[in-house]
Amino acid sequence: MGSCSGRCALIVLCTFQLVTALERQVFDFLGYQWVPILANFAHIVVIILGLFGTIQYRPRYVVMYTVWAAIWVTWNIFIICFYLEVGGLSQDSELLTFSLSQHRSWWHEHWPGCLHEEVPAAGLGVPHGQALVSGAICALEPSSVEALHSGLQILIALLGFVCGCYVVSVFTEEEDSFDFIGGFDPFPLYHVNEKPSSLLSKQAYLPA
C-alpha cells in the first residue's frame with residue numbers, strides 16, 4: 001500500500017514537473033536564454049527517466065532523479081540570485097546567453113502592462129530583425145516573474161526529492177524481502193502446506 005501511494009504521488013509530481021519544465025523551456029527559447037535552455041533540456045530528460053523508473057520499478061533511475069532534484073534546486077537558487085542581482089550578479093550580463101544574444105528574458109520585453117522603448121539591434125551578437133529594450137516601466141518587475149518561476153521549480157524539486165527517497169527505500173525493501181524470504185528454509189515448501197494427518201500416515205508406512 002505504501003509503495004502504491006508513494007509511486008502514484010511521484011508519478012503525479014513528475015507529470016506536473018514535466019509540464020512546468022516545458023512551459024519554462026518555451027519562454028527561455030523565446031528569450032534566447034541558451035544556458036537555461038540546455039539546463040531545462042537536461043531536466044526534462046531526467047524527469048522522463050524518473051517517470052520510467054517509477055512506473056517500471058527501476059530504483060536506479062529514481063535515484064538519478066532524486067540526485068538531479070537536489071542539483072535542480074541549486075540551479076534555481078542561482079537563477080533567483082541572478083535576476084534579483086544578489087551577490088554582485090547583474091541581469092545586464094551575458095552569463096545566460098553565451099554572449100550570442102543581448103536579450104535578457106522574454107518577460108523583460110513582453111511582460112503585459114509594461115511601457116517599452118525599443119531601439120534597433122546593433123552588433124554581431126544579435127540576430128537580424130530583433131530589437132532590444134532600453135527602458136520599461138512595469139507594474140510587476142519581470143525579474144520577479146523569473147524568480148517566481150524558479151521558486152516554483154524549487155518547491156516541486158524538493159517534493160520530488162522527498163518522494164524519490166521514499167520510493168527508493170520502498171523499492172529496496174521489496175527487493176530484499178523478495179530475495180531472502182524462504183531462501184534459507186531447510187524444509188521444502190510443500191511440507192508446510194501438507195496437513196498433519198497426511199504426515200502421520202507417511203510416517204506409519206516408513207520401514208522399521
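Atom set for the values below is all heavy atoms of this structure, side chains included, hydrogens, waters and symmetry mates excluded.
Here the shortest heavy-atom pairing between D28 and P36 reads OD2-CB, 3.5 Å. Between A21 and I44 the shortest heavy-atom distance is CB-CG1, 3.9 Å. A pairwise comparison of heavy atoms in A157 and V73 identifies CB-CG2, 3.6 Å as the closest pair. Considering all non-hydrogen atoms of both residues, H149 and R24 come closest at O-NH1, 4.5 Å. Between G31 and Q33, the closest heavy-atom pair is O-NE2, 2.9 Å.
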Run the numbers on C14 and Y65 for side-chain contact (heavy atoms from CB on, under 4.5 Å), then give the verdict. CA-CA 10 Å; C14 286; Y65 167 81; 3.8 Å; yes
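Cluster membership for L22 and V35, using ILVMFWY side-chain heavy atoms within less than 4.5 angstrom, is shared. When the side chains of ILVMFWY residues are joined at heavy-atom separations under 4.5 Å, either directly or via intervening members, L158 and L13 end up in two distinct hydrophobic clusters. Under a hydrophobic clustering in which Ile, Leu, Val, Met, Phe, Trp and Tyr are joined whenever their side-chain heavy atoms come within less than 4.5 Å, directly or via other members, W72 and M64 fall into different clusters. Taking hydrophobic clusters as Ile, Leu, Val, Met, Phe, Trp and Tyr residues chained together by side-chain heavy-atom distances below 4.5 Å, I79 shares a cluster with W68. With hydrophobic clusters built from ILVMFWY side chains whose heavy atoms lie under 4.5 angstrom apart, L152 does not share a cluster with I154.
At least one side-chain heavy atom of F16 sits under 4.5 Å from a side-chain heavy atom of I156. Counting only heavy atoms from C-beta outward, the side chains of V67 and F161 never approach each other to under 4.5 Å. When side chains are defined from C-beta on, Y83 does not count as touching S144, because their heavy atoms never get closer than 4.5 Å. Looking at heavy atoms from C-beta onward, F82 lies in side-chain contact with L96 at the 4.5 angstrom threshold. Side-chain atoms of F171 and R7, non-hydrogen and from C-beta on, do get closer than 4.5 Å to each other. W75 has its side chain out of reach of I71: every pair of non-hydrogen atoms, C-beta onward, lies at least 4.5 Å apart. Residues V62 and L10 have side chains in contact (heavy-atom distance under 4.5 Å, counting atoms from C-beta outward).
In this structure, S150 contributes its side chain and A147 its backbone to no donor-acceptor pair below 3.5 Å.
Rounding to the nearest 0.5 Å places CG of L49 at 11.5 Å from CZ of R58. The structure places CG of N76 at 10.5 Å from CD of E146, a figure rounded to the nearest 0.5 Å.
Other members of the cluster containing I11 are L51, I55, with ILVMFWY side chains joined at under 4.5 Å, either directly or via other members. Cluster partners of V162: none. The rule joins Ile, Leu, Val, Met, Phe, Trp and Tyr whenever side-chain heavy atoms lie under 4.5 Å apart, and it links nothing here.
A 6.0 Å sphere centred on CZ of F41 holds no more than 12 heavy atoms belonging to other residues, nucleotides or ligands.
Between the side chains of Q25 and H43, no donor-acceptor pair of N or O atoms lies under 3.5 Å.
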